[in-house]
Amino acid sequence: MTTTAVHAGLEGAIADLRQSIGSEFVLTEPYHRAIRSSSAAPFGVHLWQDTLPDLVVRPGSTADVIEIVRIANRWKVPIVPRGAGAGLADGAMPLRRGIVVDIKRMHDVLEIDDDNMTVTVQPGINMMELNKILRPLNVWFPDDPASYPVNVLGGRVGTGGWSLVGAGYGHIPNNVVSMEVVTPTGEVIRVGEGGARKIRKASTGYRMKELFIGHQGTLGIVTELTLDLSPRPEVEFPAFFAVRDWRDSWRLTQTLGKSGLKTISGIFQFDERKVDFLRRDDEAWIPLPDWVQGATGVICYGREAEVNAAKPIIFDLAKEAGATYLGQEMSEGDWASRHDRYHLAYHGRSGGKIKLMAWSIDDCAVQWSELPAVKKRWYEIADALVAKHPEHFDVWGMFMYTNNPFRPWGDHLTELDMGINELEMTPEIWADWIEAKTEIARTAVRHGGSVSACHGGTREGEVNVSCYEELAEGQFELMKKLKRLLDPENIMNPGKYNLDEAYEGDAR
Ligand SMILES: Cc1cc2nc3c(=O)[nH]c(=O)nc-3n(C[C@H](O)[C@H](O)[C@H](O)COP(=O)(O)OP(=O)(O)OC[C@H]3O[C@@H](n4cnc5c(N)ncnc54)[C@H](O)[C@@H]3O)c2cc1C
């Protein structure tokens with residue numbers, strides 16, 4: 001075995017895991033571990049060895065997961081659940097090394113109940129795969145993140161994910177009906193609305209389901225999920241409108257959101273610097289004329305008759321706002337490319353020069369009225385960073401999307417995209433980056449927003465603002481008490497959300 005273990009019980013844990021789960025599913029080679037040392041968000045490549053797990057286990061059943069958790073407790077070796085590893089909050093990064101539990105072997109559909117519109121699955125299934133299976137029944141699971149072809153359901157629950165069509169169909173917390181969870185001490189529980197598996201609204205007991213969504217693998221491992229299905233929409237209608245001033249796009253978003261049109265499933269804004277980035281970027285290249293300084297996109301889903309009735313109202317509202325329709329090809333093309341953005345590391349065609357840069361995103365939740373002030377401050381912070389380190393950072397502009405589930409108004413997932421040259425990172429430049437990220441997160445909170453609408457506020461540069469500023473009014477203190485109660489040995493994903501504080505004073 002090649003390992004850089006720091007856990008005294010590691011050898012014992014490996015022996016027990018091989019015995020219980022099977023040697024072929026207990027992986028200790030460096031290449032198996034290295035690929036699971038990071039997730040999709042930019043990280044300091046100079047730091048990667050710090051998060052190299054000691055081993056990887058691939059359970060095939062709930063019984064396997066129970067065994068893994070019990071062995072981890074016995075030998076006091078941390079475990080970190082991992083889905084597709086595409087999370088953008090470092091959730092699946094093993095900050096204290098230990099055992100990565102790769103759940104992707106558990107990918108079966110256990111039951112489709114189209115009478116009651118639910119599907120029950122294991123956590124390693126991908127949404128695209130699931131929807132292929134559901135298609136002949138004319139139903140779908142409407143979770144549509146930009147990372148749709150990659151993520152698996154366990155990871156979606158681990159982050160409490162957000163969907164591009166959530167204004168019409170809800171987000172992950174709304175669409176998971178109930179779950180089977182293996183707790184940090186190895187017990188199996190079911191959480192949902194009340195105790196039933198397929199009931200969407202009950203008033204029995206505490207609302208435990210919410211506790212086990214978005215915890216970033218710190219409170220257990222989801223081993224089975226019952227999901228809410230929706231009728232497959234008959235038609236999809238995207239329409240994109242260009243404006244001369246981003247503020248017109250900001251106002252149009254609100255007008256469309258409050259229009260009362262039920263088929264609207266999401267509304268998106270591109271600001272002037274995002275439009276500029278799309279003109280120069282190699283991957284998401286949309287060469288709009290110079291007068292375009294912002295855009296609003298709207299997506300409708302539903303029965304053809306309903307969507308057709310909504311179209312003229314949308315066009316009239318856009319016209320009144322002074323916005324210009326970008327045409328069917330660009331509208332459909334842009335919406336169709338929503339799952340393709342940013343996954344490549346090569347970006348920017350400025351002066352014919354392509355740069356190797358990773359994508360960094362801030363995904364704060366911000367109220368509509370605060371967007372202009374937050375935008376202004378974020379660019380001040382980002383531009384100062386680029387001015388100091390022009391070879392290491394680039395500003396890629398902002399997107400804003402409807403965030404409120406089932407209602408296209410109110411708060412917006414507000415995204416500042418930046419390019420970061422991970423490969424030439426130094427500790428000093430990394431420290432400047434973290435400082436900038438902290439200020440970006442703080443700005444959202446000071447304007448009444450949240451550090452994260454979907455990824456989780458767990459990254460360096462966000463986590464202190466999440467815990468000590470956003471969750472300051474008792475929530476973080478309660479999180480620590482719950483963590484300590486449910487996970488007495490701090491086995492589950494230690495180091496995340498500053499929850500190690502719950503164990504301070506212990507001799508561990
Ligand atoms: C290009 C791109 C676009 C993206 N767009 C969106 C978007 O539109 N909306 C959005 O919400 N997110 C988006 N993301 C972020 C991300 O992919 C999601 O948040 C997603 O939910 C992560 O799923 P995963 O399977 O990759 O999980 P991972 O990254 O493997 O894990 C995420 C977290 O869940 C925990 N976890 C994994 N499995 C389990 C389990 N079985 N039980 C308990 N905890 C578990 C992990 O420990 C970790 O903390 C995007 C990412 C990329 C790279």
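Keep in mind that the numbers below use all heavy atoms, side chains included, and drop hydrogens, waters and symmetry copies. We count ligands from 1, going down the list as the structure has it; atoms in each ligand are counted the same way. Heads up: numbering here begins at 1 and tracks the sequence. Every value quoted in this text rests on a predicted model; they were computed, and no experiment measured them.
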Could you tell me which non-hydrogen atom of [X] sits nearest to which non-hydrogen atom of [Y], and how far apart they are?
X      : Y      : answer
Ser466 : Tyr497 : CB-CE2, 4.4 Å
Met93  : Ser39  : CG-N, 3.8 Å
Glu193 : Arg200 : CG-O, 3.0 Å
Met179 : Lys209 : CE-O, 4.0 Å
Gln367 : His447 : NE2-O, 3.8 Å

inquiry  = For the aromatic rings, using the six-membered ring if either is Trp, is the centroid distance between Tyr169 and Trp140 under 6.0 Å?
reply    =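 Centroid separation for Tyr169 and Trp140: below 6.0 Å.
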ask   = What about Phe268 and Phe270, are their ring centers closer than 6.0 Å?
value =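 Centroid distance Phe268-Phe270: not below 6.0 Å, so no.
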Check ligand 1 against [X] and write out every atom of the ligand that is under 4.0 Å from a heavy-atom position of the residue.
X      : answer
Leu88  : 14 (N), 15 (C), 50 (C), 51 (C), 52 (C)
Thr159 : 19 (O), 20 (C), 21 (O), 32 (C), 33 (C)
Gly91  : 47 (O), 48 (C), 49 (O)
Ile103 : 38 (N), 41 (N)
Arg82  : 30 (O)
Gly220 : 42 (N), 43 (C)

N/O separation below 3.5 Å, [X] to ligand 1:
X      : answer
Arg156 : yes
Gly161 : no
Val80  : no
Gly85  : yes
Pro81  : yes
Asn151 : yes
Cys454 : no
Pro123 : no
Gln216 : yes
Ala86  : yes

Look at [atom] and find which of [options] reaches it with the closest heavy atom.
atom                    : options                     : answer
atom 37 (C) of ligand 1 : Gly217, Gly158, Gly155      : Gly155
atom 6 (C) of ligand 1  : Ala40, Ala89, Gly83, Ser147 : Ser147
atom 7 (C) of ligand 1  : Ala84, Pro149, Pro145       : Pro145
atom 1 (C) of ligand 1  : Trp359, Tyr401, Trp162      : Trp359

query = Are Ile221 and ligand 1 in contact, using a heavy-atom cut-off of under 4.0 Å?
reply =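 Judged by the 4.0 Å heavy-atom criterion, Ile221 does count as contacting ligand 1.
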request  = With sequence neighbours excluded, give me every ring-ring contact (aromatic ring centres under 6.0 Å, His included) pair touching residues 175-197.
outcome  =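 Counting only pairs at least two positions apart or across chains, no ring-ring contact (aromatic ring centres under 6.0 Å, His included) contact touches residues 175-197.
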ask   = Are Asp363 and Ser452 close enough that a side-chain donor and a side-chain acceptor fall under 3.5 Å?
value =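 Indeed, the side chains of Asp363 and Ser452 share at least one donor-acceptor pair under 3.5 Å.
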task = Using only heavy-atom distances, determine whether the side chains of Asp228 and Asn175 contain a donor-acceptor pair under 3.5 Å.
result =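 Side-chain D/A pair, Asp228 to Asn175: absent.
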key: For Asp102, the option from Ile35, Leu27, Val56 that meets side-chain contact (heavy atoms from CB on, under 4.5 Å)   =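 Of all the options given, the one that passes is Val56.
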task = Could you tell me whether Asp16 and Arg70 have a side-chain N and a carboxylate O separated by less than 4.0 Å?
result =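 A salt bridge is absent here (no side-chain N lies under 4.0 Å from a carboxylate O).
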Mode of [X] contact toward ligand 1 - side chain, backbone, both, neither (heavy atoms, under 4.0 Å):
X      : answer
Val222 : both
His455 : side chain
Val181 : neither

request  = Please indicate whether Arg232 has more than 12 foreign heavy atoms, meaning atoms of other residues, nucleotides or ligands, lying under 6.0 Å from its CZ.
outcome  =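 Counting other residues, nucleotides and ligands, CZ of Arg232 exceeds 12 neighbours.
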query = Is it the case that Lys375 places NZ or CZ above or below the six-membered ring of Trp246, under 6.0 angstrom from the centre and within 45 degrees of the axis?
reply =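 Positive - Lys375 is close enough to the ring of Trp246 and near enough to its axis.
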